[in-house]
Amino acid sequence: METKLARIAQVAKERPKEQFTSLAHLINVEMLLECHYELSGNKAAGIDRVTKAEYEKNLLENIIVLHGSLRKMTYRPQAVRRVYIPKPGSDKGRPLGILAYEDKIVQLAVSKILTAIYEQDFLDSSYGFRPGRSCHGALRKLNNIIMTGKTNWIVDADVSGFFDHVDHGWMMKCLEVRIKDPKLLRIIKRMLKAGIMEDGEYKLSEEGTPQGGVASPILANIYLHYILDLWFERIVKKQCKGSAHIVRYADDFVCCFQYEHEAKRFYYELIKRLEKFNLNIAPEKSKIIEFGLFAARNVKKRGENKPETFDFLGFTHYCGVSQNGKFRVKRKTSRKKYQGALYRMKQWIKANRTTPVSILLEQIKPKLVGYYRYYGITDNGPMIHRYWYEVTKLLFKWINRRSQRNSYTWEKFLLLLKVKPLPKPKIYFSILSA
DNA sequence: TCAACGCGGCC
RNA sequence: GUUGGCCGCGUUGA
């Protein structure tokens with residue numbers, strides 16, 4: 001199976017214009033089985049309440065029937081189960097669409113095929129949801145653009161409710177650029193049209209791709225590849241006299257311009273462009289700011305104190321100064337993410353306050369290290385140190401709310417931490433280099 | 001080298 | 001009750 005997909009990928013790479021007319025046959029029993037084994041078992045069940053364990057009881061038979069329905073094109077995905085997960089900001093929460101288990105298998109197979117083809121087409125500026133690419137990579141790339149290019153203006157844009165507003169017609173048009181297999185196209189179209197079940201009521205899904213759908217990430221990337229990335233590369237850059245760059249992570253992106261008027265014109269064109277494809281910029285989460293080597297100087301000349309900042313991938317980017325007094329982009333954990341992480345930690349400690357202290361400390365270790373591994377990047381030392389300090393205080397506070405005989409004084413608590421220390425804050429990732 | 005499980009992060 | 005893709009790390013097995 002791997003070899004067949006590798007072959008498709010190779011063809012896609014060698015012939016960027018190639019249109020694939022025969023792909024659906026790749027979804028055979030073997031591939032469906034493989035996808036089944038790849039899927040995680042301890043996940044919430046879809047509308048039919050079938051879990052992986054249950055599906056497995058008659059695995060071969062189930063897969064063979066599924067394969068038959070795909071071949072005869074009688075396959076119809078079930079509606080996704082609507083669940084709202086709480087979001088720090090709003091009270092309605094984030095809408096998820098949980099697929100039926102069997103539909104996850106099909107979507108995984110489809111996403112593998114799409115990935116094999118489209119990974120070859122995607123531009124270097126696209127970072128989200130892609131194998132071998134990470135947030136840190138996107139941050140480093142953005143840093144290089146600002147430090148080595150001629151960036152003076154930043155357009156920071158946020159697409160509101162991207163997944164919910166992907167247009168099905170345009171989505172299919174995007175896919176048809178490369179994919180000419182009507183069977184595969186129909187399967188994908190049915191996935192998009194599967195509908196939503198929300199407290200007993202069936203709703204049509206006339207736009208959007210389910211947040212929680214296995215294939216949604218790759219579909220999102222394909223959509224924005226054509227709507228945004230290629231447009232920027234081929235049209236926007238050509239129209240600009242100065243430099244223009246984009247770094248995109250899923251639906252979140254930052255654009256860098258040399259000239260103010262080109263940044264402003266782009267922002268205006270961007271809104272029109274996205275509108276055409278049923279997408280909207282969230283104005284309150286988007287902005288154009290002066291940023292870069294000359295920003296600090298110009299801002300001062302105008303009598304303001306500091307250049308504005310922007311957030312990207314959990315970090316607030318600001319104009320800083322290096323040791324030798326030169327301009328440097330710096331980043332620190334954004335206020336929102338910092339507070340969110342601390343809040344979650346507090347909730348966890350609260351919920352586990354009755355477990356023995358030594359075990360509690362053991363359980364916090366991997367949490368802290370995981371946190372440092374993301375936020376421990378160049379120039380963010382103070383913020384992760386602050387996090388470590390706040391967590392320590394939180395621990396002391398909640399340990400002390402137990403019964404009297406188990407309580408600690410602050411001194412005794414520090415002594416305990418000497419014997420069983422929490423992992424120290426550490427910079428794991430350098431934004432500079434390569 | 002490969003599984004299984006867990007933790008952290010982004011959108 | 002809580003999904004998905006990706007990234008990173010850890011533990012345990014063989």
Side-chain angles (χ1 to χ4, degrees), chain A residues 35 37-47 49 51-52 80-87 93-101 103-105 107-108 110-112 114-115 118-119 122 126-140 142 157-164 191 196 199 208-222 224 247-254 282 285 311-315 331 333-334 336-338 340-342 344-345 348 362-377 380 384 387 391 423 425-426 428-429:
Chain A
C35 291
Y37 286 120
E38 259 180 56
L39 286 168
S40 176
N42 45 11
K43 294 292 178 199
I47 189 74
R49 305 265 102 171
T51 61
K52 176 174 180 175
V80 298
R81 187 162 63 88
R82 223 335 151 256
V83 167
Y84 290 92
I85 56 166
K87 208 165 57 168
R94 234 165 69 115
L96 290 185
I98 299 172
L99 306 205
Y101 182 73
D103 298 327
K104 283 189 186 173
I105 298 177
Q107 287 214 5
L108 186 52
V110 168
S111 78
K112 281 183 182 210
L114 294 180
T115 300
Y118 276 96
E119 265 305 307
F122 289 155
S126 164
Y127 280 85
F129 308 142
R130 291 185 56 191
R133 303 193 140 223
S134 66
C135 300
H136 287 151
L139 291 165
R140 179 181 276 166
L142 180 60
D158 191 282
V159 181
S160 52
F162 170 75
F163 282 92
D164 296 331
M191 278 166 31
I196 300 152
D199 34 64
T209 168
Q211 300 199 45
V214 178
S216 291
I218 178 76
L219 289 176
N221 265 343
I222 292 169
L224 288 174
V247 176
R248 181 172 70 79
Y249 193 98
D251 61 338
D252 200 355
F253 54 94
V254 173
K285 286 200 237 162
D311 286 2
F312 187 52
L313 303 180
F315 292 94
R331 359 174 136 55
T333 316
S334 79
K336 229 177 146 176
K337 298 290 178 184
Y338 180 81
L342 250 194
R344 281 195 304 279
M345 182 59 95
W348 185 86
E362 281 308 308
Q363 289 175 335
I364 283 200
K365 277 183 190 175
K367 288 177 187 285
L368 273 179
V369 173
Y371 183 85
Y372 300 153
R373 286 216 168 251
Y374 185 74
Y375 285 108
I377 70 173
N380 199 32
I384 54 171
Y387 184 74
V391 170
K426 188 179 160 188
Y428 282 95
F429 185 82

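Quick caveat: nothing in here was measured; it's all calculated off a predicted structure. What's counted below: heavy atoms across the whole structure, side chains too, no hydrogens, waters or symmetry copies. In what follows, every chain begins at residue 1, and chains take the letters A, B, ... in the order their sequences are listed.
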Starting at atom OH of A/Tyr428, determine the distance to atom C1' of B/dC7, rounded to an integer number of angstrom. 13 Å

Checking all strands, does A/Tyr375 fall into the base, sugar-phosphate, or nothing category for heavy-atom contacts under 4.0 angstrom? sugar-phosphate

Ring geometry between A/Tyr387 and A/Tyr371 (parallel below 30°, tilted from 30 to 60°, perpendicular above 60°): parallel

Within the pair A/Lys365 and B/dC7, is there a side-chain N or O less than 4.0 Å away from OP1 or OP2? no

Length of the line joining A/Asp103:CG and C/G4:P, which is rounded to integer Å: 13 Å

What is the distance from NZ of A/Lys337 to P of B/dG8, rounded to the nearest Å? 15 Å

Test of understanding: with salt bridge (Lys or Arg N to Asp or Glu O under 4.0 Å), list the residues that count as partners of A/Arg130, not counting sequence neighbours. A/Glu119

Would you indicate, yes or no, if B/dA4 has its OP1 or OP2 atom less than 4.0 angstrom from a side-chain nitrogen or oxygen of A/Asn42? no

Judged by modelled atom types alone, do A/Asn42 and A/Ser40 share a side-chain donor-acceptor pair under 3.5 Å? yes

Can you tell me if the side-chain N/O atoms of A/Arg344 get under 4.0 Å from OP1 or OP2 in B/dG9? yes

Report the distance from atom CG of A/Leu368 to atom C1' of B/dG9, rounded to the nearest whole Å. 14 Å

What distance, rounded to whole Å, do you find between the two C1' atoms, one in B/dG8 and one in C/G1? 23 Å

With sequence neighbours excluded, tell me which residues meet side chain to side chain donor-acceptor pair (under 3.5 Å) with A/Gln363. none

Side-chain heavy-atom pair A/Phe162, A/Asp252 within 4.5 angstrom cut-off: no

Watson-Crick/G-U partner (both atom distances under 3.5 Å) of C/C9: B/dG6

How would you summarise protein contacts on nucleotides 6-14 of chain C per nucleotide, using B for base, S for sugar-phosphate only and - for none, with heavy-atom distances below 4.0 Å? SSSS-----

In whole Å, what is the span from the CD1 atom of A/Ile218 to the C1' atom of C/U3? 18 Å

Return the pairing partner of B/dC11 with a 3.5 Å limit on both distances, Watson-Crick or G-U wobble; otherwise return none. C/G4

With DNA chain B as reference, determine whether A/Tyr371 or A/Gly314 sits nearer its 5' end, using the nearest nucleotide of each. A/Tyr371

Under-4.0 Å side-chain N/O to phosphate OP1/OP2 contact, A/Lys367 with B/dG8: yes

Sorted by chain and number, sequence neighbours left out, ring pair (Phe, Tyr, Trp, His ring centres under 6.0 Å) with A/Tyr101 holds for A/His36, A/Tyr55

Roughly, in whole Å, what's the span from CG in A/Asp164 to P in B/dC11? 16 Å

Students often get this wrong, so: under 4.0 angstrom with heavy atoms, is A/Ile98 touching a base, only sugar-phosphate, or nothing? sugar-phosphate

Which residues pass the side chain to side chain contact (heavy atoms under 4.5 Å, CB included) test with A/Arg373, sequence neighbours left out? A/Val369, A/Tyr428

Considering only side-chain heavy atoms of A/Ala341, which listed nucleotide, B/dC11, B/dG9, C/G5, is closest? B/dG9

OH of A/Tyr37 versus C1' of B/dC2: gap in Å, rounded? 17 Å

Applying side chain to side chain contact (heavy atoms under 4.5 Å, CB included), name anything that partners A/Ile98, two or more places apart in sequence or on another chain. A/Ala44, A/Arg81, A/Val83

Tell me the interatomic distance from A/Trp348, atom CH2, to B/dG8, atom C1', rounded to whole angstroms. 13 Å

Residue A/Ala250, side-chain heavy atoms: nucleotide from C/G5, B/dC11, B/dG9 that is nearest: B/dC11

